[in-house]
Undergrad: 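Sending over a structure as structure tokens; questions will come in a sec.
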Amino acid sequence: MSSDIDTLHPLDIEGTRLTVKKPALRYDRQGDMSDDRRVEAAMRAFVREFGATSAAYLESCIHCGMCAEACHYYVQTNDPRYTPVRKLEPFKQAYKRESGPFAFFYRMFNLKPRVTVDELQQWQELIYDSCTMCGRCTLICPMGIDIAHLVGQARHGMFQAGLVPHELWAVAERAEREGSPLGATPKVFKDRIDWLSDEHGVEISVDREVADVLVSMSSVEIMKYPLAIVATARVLNALGEKWTIRLDGYEATNFGMLSGNAQWQKDLSMKIINAAIKCKAKLLLLPECGHAYGAMRWDGANMYGKPLPFEVLHVSEYLARNLGNGRLKVKNLPKSVTFHDPCQIARRGGATQAPRQVLGKLGVELREMSPSGDVNWCCGGGGGVVTIHRADDLRYKVFQIKMKQVDESGAEMLVMSCSNCRLTFDDGQAHFKWDKTAHSLLELVADNLVQ
Amino acid sequence: MNLLDFARGPALEWSFAIFLFGVLWRLLGILLLRRVHDYSEPRAHRAALGALQAIVRRTWPRKEFRARTTYGLAISYVFHVGLAIVVFGFVPHILLIRSLLGVSWPGLPGAVIYFSAVVTLAALVMALIRRLTHPVLKLLSNFDDYFSWAVTIAPLVTGLLAVAHYGGRYENLLAVHILSVELLFIWFPFGKLMHAVLFVLARGQTGVVYGRRGAST
Ligand code: HEM
Ligand code: SF4
Ligand code: SF4
């Protein structure tokens, strides 16, 4: 079945951003459970993986409100509804009432009322549309509460309650069914590879039985930035790597994780893990995609249930390593560049220095945004937010922080290492008729390779 | 038994027992829950260091955040430090602690204590005003926030009244002061005052997670 003729949730692959077409009628409620069942399912899923860590977080909040000052949604709107920790309110309330150390107290005196389906429905916008799980709030909280992590857990609850925004549910369901959220099915992908290989005269290895490096891709790249595939191939060929792409495990984005379906998250991750094991890969190369990095680099082994038998690297780390050891050589690029740090790779991933090392080797003049690195501002499109049509106005509002930062850097060129950020920048650029275009770090390296 | 005897006798014992039991109950209620093992390959083997870093560093904000947080933080710094000075620097408090625990240290001059107490009082009042007027704090705040504030400021107010011999017989003023401290003890484990213990846990956990990722803690 071709994904393009899915009439239920047709994809929009022509626009500046990729998602399903703007639905004439939104379905932000899935399934037909009774209201009570929804609330119960939400709470059960929220507490299922609930352990000491999350409990300590929920118990520690002192309501100091500082997290609001770190969140782009509050900073740009001054609307206190967007205070990060408040996005967890129904779940915190349920935790205190149902399973905290003083739950019997709260129930006995009804100090925390039961959560209702109306509340959950109201909170859908806070848990999905206005949280990119960027983790800036985690960094500011004086108690060190990892709010972004808890929002991820709250999404598990929302998914089981059937209360996921229309588009995010639709792309996640498509990912589970077709293997790709945005129509990059194995057939579409293979066609693209053949075409790119012809068009650009580059060898792209597919379905090798045994390979040292397994390459994964983001469907955003496959559908929108296919030159990323060419660039990856150029780099790996230049290094003489024994590498491959496998059609049974290539999609690195994980909309199971973003929408909050833990089982789908596992299914999607296991496809790549199994493909890597099958071809005896020593290295799994992750594409320029932030959430893909979080999903595989930090969650992958936990989906697998034991340590992964291969190394996992983001492509920027791989480039930094091979430029550092001299196996890869690049020409000098006499330009000033500013770099946008993808939240999941830098702040939440720890690979903040890799792109800077790459840019250093390219010899560009790096003009850091203020702030940058681990404290960067999010592009506003992460966490699946860029797919949600009704979140557009808010997304453009928070994107203005980014425009200001880029403009103030005074750099000639804007570079990043996440195709989802790039999609958000492209869409923002079109919306504001902005004069700055986002570029990919990987493509920059590939374009300047010394053979 | 007069009020002072009650405050120094059964009330003290009971409030302390509730304090200890409550703190333990709440801590165990958290710590005995499941801990999920993290199988991901750490970038840096510095989980312990990360925990320590987070516990220490979160005491002050990163410079990037200062512009937006300094006012609120300054208020709370003043009253936390002020409380510590008054609690641990006032000679009668030190004598009490010595009689209970056998340890002691030199006290601070009375003038320093009274000044600290008044400044602390002012800072707490400012914290309350901020809570009542700041849109974010207004929305977040619940009974716990206001009650915890009240039981924190109460010993300060009653202590100042006792020292000033204002509002009644000294024995009664002192008794009320002690009772107000006992109220704080009793409330401590159940509300947000518990942050004085929990901050180690929450910051430490985040330090472990991000420390092993090699990310900022
Ligand atoms: C020893 C470790 C402690 C740490 C690390 C700590 C830390 C903090 C922090 C970071 C805040 C939030 C500041 C803000 O709102 O800007 C806070 C608030 C507060 N703390 Fe502490 N604290 C400690 C001990 C205590 C103790 C012993 C008390 C009182 C008995 C106390 C009473 C309060 C109160 C009442 C507030 C809330 C003020 C408000 O209404 O905003 N703290 N604490
Ligand atoms: S994770 Fe980012 S978007 Fe979500 S609440 Fe925190 S600061 Fe806001
Ligand atoms: S910054 Fe942390 S402690 Fe303060 S309100 Fe937000 S989550 Fe709670």
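A note on names: the letters A, B, ... follow the listed sequences, proteins ahead of strands, and every chain is numbered from 1. The shown structure was predicted, so the numbers you read here are calculated from the model rather than taken from an experiment.
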Undergrad: Is the backbone of B:Leu12 close enough, under 3.5 Å, to the side chain of B:Glu182 for a donor and an acceptor to pair up by distance?
TA: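 A pair under 3.5 Å: yes.
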Undergrad: Of all of A:Ala52, A:Ala55, A:Ala70, A:Ala301, which one pairs up most often with chain B through heavy atoms under 4.5 Å apart?
TA: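 The residue among A:Ala52, A:Ala55, A:Ala70, A:Ala301 with the greatest pair count is A:Ala52.
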Undergrad: Sort out for me which of B:Asp38, B:Leu140, B:Val209, B:Leu32 touches chain A most, counting heavy-atom pairs under 4.5 Å.
TA: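 Greatest number of close heavy-atom pairs with chain A: B:Leu140.
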Undergrad: Between A:Lys266 and A:Gln263, is there a side-chain donor-acceptor contact under 3.5 Å, judged purely by atom types and distance?
TA: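 On atom types as modelled, these side chains do not qualify, holding no pair under 3.5 Å.
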Undergrad: Quick one: closest heavy-atom pair of B:Leu121 and B:Val157, and the distance?
TA: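 Shortest heavy-atom contact: CD1-CG2, 3.6 Å.
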Undergrad: Quick one: closest heavy-atom pair of B:Val151 and B:Leu184, and the distance?
TA: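 Minimum heavy-atom separation between B:Val151 and B:Leu184: O-CD1, 3.2 Å.
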Undergrad: With chain B as the partner, which of A:Arg347, A:Arg348, A:Glu311 has the greatest number of non-hydrogen pairs under 4.5 Å?
TA: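 Most pairs with chain B among the choices: A:Arg348.
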Undergrad: Compare every heavy atom of B:Pro189 with every heavy atom of B:Gly22, then report the nearest pair and how far apart it is.
TA: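 Here B:Gly22 and B:Pro189 meet closest at C-CB, 3.4 Å.
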Undergrad: Could you report the tightest heavy-atom contact between A:Arg356 and A:Ser372, atom names first, then the distance?
TA: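 Nearest heavy atoms, A:Arg356 then A:Ser372: NH2-OG, 4.0 Å.
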Undergrad: Checking heavy atoms, do the side chain of B:Pro61, its backbone, both or neither come under 4.5 Å from chain A?
TA: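 For B:Pro61, neither part sits under 4.5 Å from chain A.
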Undergrad: Considering heavy atoms only, which positions within residues 290-300 of chain A lie below 4.5 Å of chain B?
TA: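 Contacts with chain B: A:Tyr293, A:Arg297, A:Trp298.
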Undergrad: Under the side chain to side chain contact (heavy atoms under 4.5 Å, CB included) rule, what do A:Val375 and A:Arg136 come out as? Steps first, then yes or no, please.
TA: CA-CA 7 Å; A:Val375 199; A:Arg136 260 188 135 245; 3.6 Å; yes
Undergrad: If you compare all heavy atoms of B:Thr217 against all heavy atoms of B:Gly207, which two are closest, and at what distance to 0.1 Å?
TA: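 Closest approach of B:Thr217 to B:Gly207: CG2-O, 3.6 Å.
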Undergrad: For the residue pair B:Phe190 and B:Trp187, does the interplanar ring angle fall in the parallel (under 30°), tilted (30 to 60°) or perpendicular (over 60°) class?
TA: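 Correct class here is tilted.
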Undergrad: Is it the backbone or the side chain of A:Ala56 that comes under 4.5 Å from a heavy atom of chain B, or both, or neither?
TA: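 Both backbone and side chain of A:Ala56 come within 4.5 Å of chain B.
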Undergrad: Just by modelled atom types, is the A:Leu285 backbone N or O under 3.5 Å from a matching donor or acceptor in the A:Ser216 side chain?
TA: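 It does hold such a pair.
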Undergrad: Please classify the contact of A:Tyr304 with chain B as side chain, backbone, both or neither, using a heavy-atom distance under 4.5 Å.
TA: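 Contact with chain B: none, neither part.
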Undergrad: Counting only heavy atoms closer than 4.5 Å, note whether A:Val75 contacts chain B via side chain, backbone, both or neither.
TA: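 Answer is both: backbone and side chain atoms of A:Val75 are under 4.5 Å from chain B.
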Undergrad: Tell me, do B:Thr206 and A:Met143 make a side-chain contact under 4.5 Å, heavy atoms counted?
TA: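 The answer is no; the side chains never approach within 4.5 Å.
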Undergrad: Between chain A and each of B:Arg131, B:Arg43, B:Arg35, count heavy-atom pairs under 4.5 Å; write down the option with the most.
TA: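 Most pairs with chain A among the choices: B:Arg43.
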Undergrad: Is there a donor-acceptor contact under 3.5 Å from the side chain of B:Asp144 to the main chain of B:Lys192?
TA: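 Side chain of B:Asp144 to backbone of B:Lys192: a pair is present.
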Undergrad: Determine yes or no for a side-chain-to-main-chain donor-acceptor pair under 3.5 angstrom, with A:Arg107 supplying the side chain and A:Arg97 the backbone.
TA: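 Yes; at least one donor-acceptor contact below 3.5 Å.
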Undergrad: Will you find, in the side chains of B:Ser180 and B:Thr158, an N or O donor that is under 3.5 Å from an N or O acceptor?
TA: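 Judged by distance alone, the side chains do pair up.
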Undergrad: Pick whichever of A:Leu139, A:Leu308, A:Asp146 has the most heavy-atom pairs under 4.5 Å with chain B.
TA: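 Highest number of heavy-atom pairs under 4.5 Å: A:Leu139.
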Undergrad: How long is the gap from NE2 on B:His37 to NZ on A:Lys306, to the nearest 0.5 Å?
TA: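 B:His37 NE2 to A:Lys306 NZ: 13.5 Å, rounded to 0.5 Å.
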Undergrad: Hey, which of A:Ser370, A:Ala68, A:Ala103, A:Cys141 has the most heavy atom pairs under 4.5 Å with chain B?
TA: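 So the answer, after comparing A:Ser370, A:Ala68, A:Ala103, A:Cys141, is A:Cys141.
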Undergrad: Highest number of heavy-atom pairs under 4.5 Å with chain B: which of A:Pro371, A:Ala351, A:Ser99, A:Gly100?
TA: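 Of the candidates given, the most pairs with chain B belong to A:Ala351.
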Undergrad: Which class fits the ring pair B:Trp25 and A:Phe104: parallel under 30°, tilted 30 to 60°, perpendicular over 60°?
TA: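 Geometry flag for A:Phe104 against B:Trp25: perpendicular rings.
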Undergrad: Do the ring planes of A:Phe102 and A:Phe105 sit parallel (below 30°), tilted (30 to 60°) or perpendicular (above 60°)?
TA: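 If you compare the ring of A:Phe102 with that of A:Phe105, the planes turn out tilted.
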Undergrad: Identify the residues of residues 194-205 of chain B whose heavy atoms come closer than 4.5 Å to a heavy atom of chain A, ordered by number, or report 'none'.
TA: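 From residues 194-205 of chain B, the residues near chain A are B:His195, B:Leu198, B:Phe199, B:Leu201, B:Ala202, B:Arg203, B:Gln205.
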Undergrad: Just checking heavy atoms, which of residues 66-83 of chain B are less than 4.5 Å from chain A?
TA: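 So the qualifying residues are B:Arg68, B:Thr69, B:Leu73.
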Undergrad: Quick check, are the ring centers of B:Phe19 and B:Phe16 under 6.0 angstrom apart?
TA: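 Between B:Phe19 and B:Phe16, the centre distance is under 6.0 Å.
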Undergrad: Between the main-chain N or O of A:Ala45 and the side-chain N or O of A:His156, is there a donor-acceptor pair closer than 3.5 Å?
TA: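 Absent.
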Undergrad: At their closest point, which heavy atom of A:Tyr57 faces which heavy atom of A:Leu150, and how far apart are they?
TA: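 Heavy atoms only, the tightest pair is CB-CD1, 3.8 Å.
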Undergrad: Based on non-hydrogen pairs under 4.5 Å, which of B:Ile55, B:Leu27, B:Asn142 is most in contact with chain A?
TA: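 Of B:Ile55, B:Leu27, B:Asn142, B:Asn142 has the most heavy-atom pairs under 4.5 Å with chain A.
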Undergrad: Return yes if a side-chain donor-acceptor contact under 3.5 Å exists between A:Asp374 and A:Thr352, otherwise no.
TA: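 The answer is yes; a qualifying pair exists.
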Undergrad: Using a 3.5 Å distance criterion without hydrogens, assess whether the side chain of B:Arg212 forms a donor-acceptor pair with backbone atoms of B:Ser40.
TA: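 Pair found, side chain donor or acceptor close to backbone of B:Ser40.
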Undergrad: Please output the residues of residues 80-94 of chain A in contact with chain B, using a heavy-atom cutoff of under 4.5 Å, in numerical order.
TA: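 Result: A:Pro80, A:Arg81, A:Thr83, A:Val85, A:Arg86.
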Undergrad: Check whether A:Thr138 gets within reach of chain B through its side chain, its backbone, both or neither, counting any heavy atom under 4.5 Å.
TA: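 Contact with chain B is through both the backbone and side chain of A:Thr138.
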Undergrad: Could you look at B:Arg62 and say if it's the side chain, the backbone, both or neither that has a heavy atom under 4.5 Å from chain A?
TA: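 Side chain of B:Arg62 only, per the 4.5 Å heavy-atom cut-off to chain A.
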Undergrad: Hey, is B:Lys138 close enough to B:Asp145 for a salt bridge, meaning N to O under 4.0 Å?
TA: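 A salt bridge is absent here (no side-chain N lies under 4.0 Å from a carboxylate O).
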